[in-house]
Every structure is written in structure tokens, then in C-alpha cells.
Number of protein chains: 2
Amino acid sequence: MNIESMLNKIRKQLHEASYKLTPQREATVLVLLENEKDHLSAEEIYMLVKQKSPEIGLATVYRTLEMLTDLKVVDKLSFNDGLARYDLRKEGAKHFHHHLLCLECGSIEEVEEDLLLDVEEIVEQRYLFLVKDHRLTFHGVCNACQQKLKNNQNAQ
Amino acid sequence: MNIESMLNKIRKQLHEASYKLTPQREATVLVLLENEKDHLSAEEIYMLVKQKSPEIGLATVYRTLEMLTDLKVVDKLSFNDGLARYDLRKEGAKHFHHHLLCLECGSIEEVEEDLLLDVEEIVEQRYLFLVKDHRLTFHGVCNACQQKLKNNQNAQ
DNA sequence: GATTAATTTGTAATCATTATAAATTAATTA
DNA sequence: TAATTAATTTATAATGATTACAAATTAATC
Ligand SMILES: [Mn+2]
Ligand SMILES: [Mn+2]
Ligand SMILES: [Zn+2]
Ligand SMILES: [Zn+2]
């Protein structure tokens with residue numbers, strides 16, 4: 001699905017919640033769409049939006065991100081690096097995707113398939129907890145870093 | 001396992017990493033042990049430690065928590081409420097336990113059994129990612145709030 | 001006991017985020 | 001259309017969590 005039609009879909013979502021897609025909001029959403037694989041912070045988004053709309057204010061970016069979070073267009077998440085990061089929901093995804101955080105290089109890989117269906121079943125039955133969503137991040141070593149570590153070992 | 005022997009175990013861990021268990025550090029660890037079911041913030045821990053050792057400084061609590069995080073005695077985590085929370089690792093637990101966050105009342109329930117063994121298998125094989133640990137939080141409605149919501153519906 | 005190293009304290013600085021008031025823009029009404 | 005009202009944005013101040021720093025204290029070593 002291309003950016004234009006994604007944008008239209010989001011515009012509709014805003015209108016249904018009786019928000020307008022102002023130029024500032026549109027510029028912010030565009031940055032998110034153009035960087036959908038990334039996990040940008042508010043400040044990083046602000047810097048990118050400024051390239052399109054140099055007059056935008058940081059507070060507006062924050063407010064827009066809050067609104068998009070409420071509407072579940074983006075997910076706000078934290079990888080324990082002291083600031084919030086924003087992640088576009090995948091098109092039509094019922095549940096939030098998972099993340100693989102490399103402890104060596106800091107890279108974040110995405111896992112789009114939902115691996116938690118069985119686990120959620122257990123949680124609902126055994127803990128009587130009604131699951132609405134989840135956050136799952138694996139900490140470990142990405143493939144590239146595994147190779148690097150192996151080579152270093154051989155070199156010594 | 002009682003608090004005294006837990007404390008001794010942690011003392012040993014510190015010594016192995018050539019840290020001392022100073023009175024301030026001991027008071028901080030004791031607060032964590034006495035509230036192992038909670039998910040306290042640095043400020044909350046500071047307040048509780050002050051009751052034992054009124055002369056302790058906030059900076060020391062922060063430094064101690066950082067040290068304990070490095071030694072994997074505690075896990076630092078964030079429930080998106082704007083501050084870090086600290087969680088004692090379960091005795092002998094290889095992996096970090098899971099959390100059930102209620103969107104209605106904000107309560108946090110713990111799930112000690114590891115439900116992710118199969119999922120980790122898949123991640124290692126399919127994504128060639130070497131898993132070291134994980135963070136899993138379910139968002140939803142706790143049992144108590146489900147009852148409350150049901151009653152409210154009937155009352156209307 | 002003197003010297004050196006580790007730790008703690010109180011406080012200042014920093015950084016992310018939120019609040020506020022004035023200005024701008026859009027929507028509604030007369 | 002012009003006037004009025006509501007929504008939004010901007011720049012900036014305030015807040016709150018965390019980190020940095022210098023002086024003081026405590027422990028370890030000589
Ligand atoms: Mn993602
Ligand atoms: Mn916990
Ligand atoms: Zn890596
Ligand atoms: Zn609840």
C-alpha cells in the first residue's frame with residue numbers, strides 16, 4: 001500500500017474522531033509513513049518534519065504524536081534508552097508487532113507475525129485476564145553481530 | 001527463601017564484581033526485597049530507604065539501582081508512565097517474568113511461568129537471532145475490573 | 001598514622017516532556 | 001461579508017526524572 005492511500009486512511013480516522021488533518025499534522029504523519037521501519041523519538045521526528053515545514057513547533061509534534069497514539073495509529077514505546085519512541089502500526093495489524101533488540105549494536109529488527117496467540121490463550125484462561133494488546137521485545141544478539149563475534153574469536 | 005539469605009546471596013554477587021555492600025546499598029536492597037511484588041520507581045525506593053537510613057541521598061539510590069541493574073539483580077523497566085521502575089529478579093529465574101497491565105485500574109500482575117520457550121525457539125531459527133532475555137507485557141483488563149464493568153452494565 | 005581509593009552527599013545541570021499564554025487559522029453566525 | 005467563536009499552533013516557561021560534579025566522608029592500603 002502506498003503512502004498516499006495510507007495518508008488518506010489516517011485522514012479518515014482523524015475525521016471520524018473529529019480531528020482535522022492540519023498541514024502540521026499531515027507533515028508529521030508523512031514523516032512517520034516515510035520512516036515506517038524506524039523507531040523515531042519525538043525530537044527526531046521534529047527534525048525531519050522541520051525539513052518539510054520549517055515553521056512547525058516541537059510542542060505541536062508532541063501533541064500530534066499523543067493524538068496519534070490515542071487513535072492507535074502509532075504505538076509509543078520505550079527501549080529503556082530514556083526517551084519515548086513512536087512506531088506506526090502495521091497496515092491492518094490487530095496486534096502490535098514484536099521487536100528484536102541487539103545488545104551488541106543496538107539495532108532493532110521487527111517481527112510482524114504474531115507469535116503470541118497460544119500464550120494469550122493461556123493468559124486469558126489461567127489468569128482470567130482479558131488481553132487487548134501486548135508488548136514483546138527480545139534482547140539478544142543479531143545475526144550480523146553473531147558473525148562478527150565468531151570472526152573475532154577465530155582471529156585471536 | 002527468606003530475606004536474610006537473599007541478602008547474603010546479593011552480597012556475594014556484589015563482592016564477586018568487587019563492589020562492597022555498604023550500609024546505604026544494604027538499605028536499598030532490603031527495601032527491594034521487602035517489596036519484591038511491587039514495581040517501585042527510584043523516588044519511591046528513596047522514600048522507603050529514608051525510613052531506615054534518613055541520611056541517604058537520592059543520588060546514591062540512583063547509583064545503587066544502576067549497579068544492581070548491571071549485575072542483573074534487578075530489572076529496569078518502563079510501563080510508559082514516564083519513569084523507570086525497578087523489579088527484583090525472581091530467585092533463580094533464568095528469564096524475566098511477564099506482566100499483565102490493567103488498562104482500567106493500572107494494576108500490574110506478575111506471570112512467573114515462562115510462556116515464551118516455543119516462541120524463542122521460532123525467533124532463533126527463523127530470524128537467526130540469539131535470544132538472551134525478553135520483556136513481555138500484556139495490556140488488557142484484570143479480572144476485578146472485568147467484574148466491575150459487568151456490574152455497571154447490568155446496573156444501567 | 002599517613003596516604004590513597006572508593007563511596008556518599010547535596011546540589012547544580014541536563015534532558016525529555018508538559019503547561020501556558022498569546023497569536024494564528026478555521027468554522028460558525030449574524 | 002464581517003464579526004464572533006472555537007480550534008490549533010507557536011514560542012517559551014515550567015516541571016519532573018535523571019545525571020554530573022565537587023566537596024566531604026569512609027574504607028583500604030601502605
Ligand atoms: Mn517496530
Ligand atoms: Mn514484575
Ligand atoms: Zn547487532
Ligand atoms: Zn484492573
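Every chain is numbered from 1, with letters handed out A, B, ... down the list of sequences.
B:Leu68 has its side chain within reach of B:Leu32: a pair of non-hydrogen atoms, C-beta onward, lies under 4.5 Å apart. Side-chain atoms of B:Thr28 and B:Ile56, non-hydrogen and from C-beta on, do get closer than 4.5 Å to each other. Residues B:Tyr19 and B:Leu71 are in side-chain contact: their nearest non-hydrogen atoms beyond the backbone lie under 4.5 Å apart. In this structure, A:Leu7 and A:Arg11 have side chains that are in contact, with non-hydrogen atoms separated by less than 4.5 Å.
Aromatic rings from B:Phe96 and A:His139 are positioned such that their centres are separated by 6.0 Å or more.
Other residues, nucleotides and ligands place more than 12 heavy atoms under 6.0 Å from the NZ atom of A:Lys90. A:Asn143 CG: more than 12 foreign heavy atoms inside a 6.0 Å radius. The 12-atom threshold is not exceeded at CG of B:Asp118, counting heavy atoms of other residues, nucleotides or ligands nearer than 6.0 Å.
For the contact set between residues 35-68 of chain B and DNA chain C, defined by any heavy atom under 4.0 Å, the members are B:Glu55, B:Ile56, B:Gly57, B:Ala59, B:Thr60, B:Arg63. Proximity of residues 11-29 of chain B to DNA chain C (heavy atom under 4.0 angstrom from any strand atom) is restricted to B:Lys20, B:Thr22, B:Gln24, B:Arg25.
Remark: A:Lys52 pairs with A:Glu34 by the side-chain hydrogen bond (donor to acceptor under 3.5 Å, both in side chains) rule, at least two apart or across chains. For A:Lys72, there are no side-chain hydrogen bond (donor to acceptor under 3.5 Å, both in side chains) partners at least two apart in sequence or on another chain.
For the helix from C:dG1-D:dC30 to C:dA30-D:dT1, the terminal axes (five pairs an end, C1' atoms, rotation from four pairs onto the next four) enclose an angle of 10°, given to 10 degrees.
On the nucleic acid side, DNA chain C contacts chain B at distances under 4.0 Å to non-hydrogen atoms, with the end points of that region at C:dA6 to C:dG10.
Paired with B:Tyr86 under the rule side chain to side chain contact (heavy atoms under 4.5 Å, CB included), one option of B:Leu40, B:Asp75, B:Thr69 passes, and it is B:Thr69.
Using a 30° and 60° split on the angle between ring planes, B:His134 and B:His95 fall in the parallel class, below 30°.
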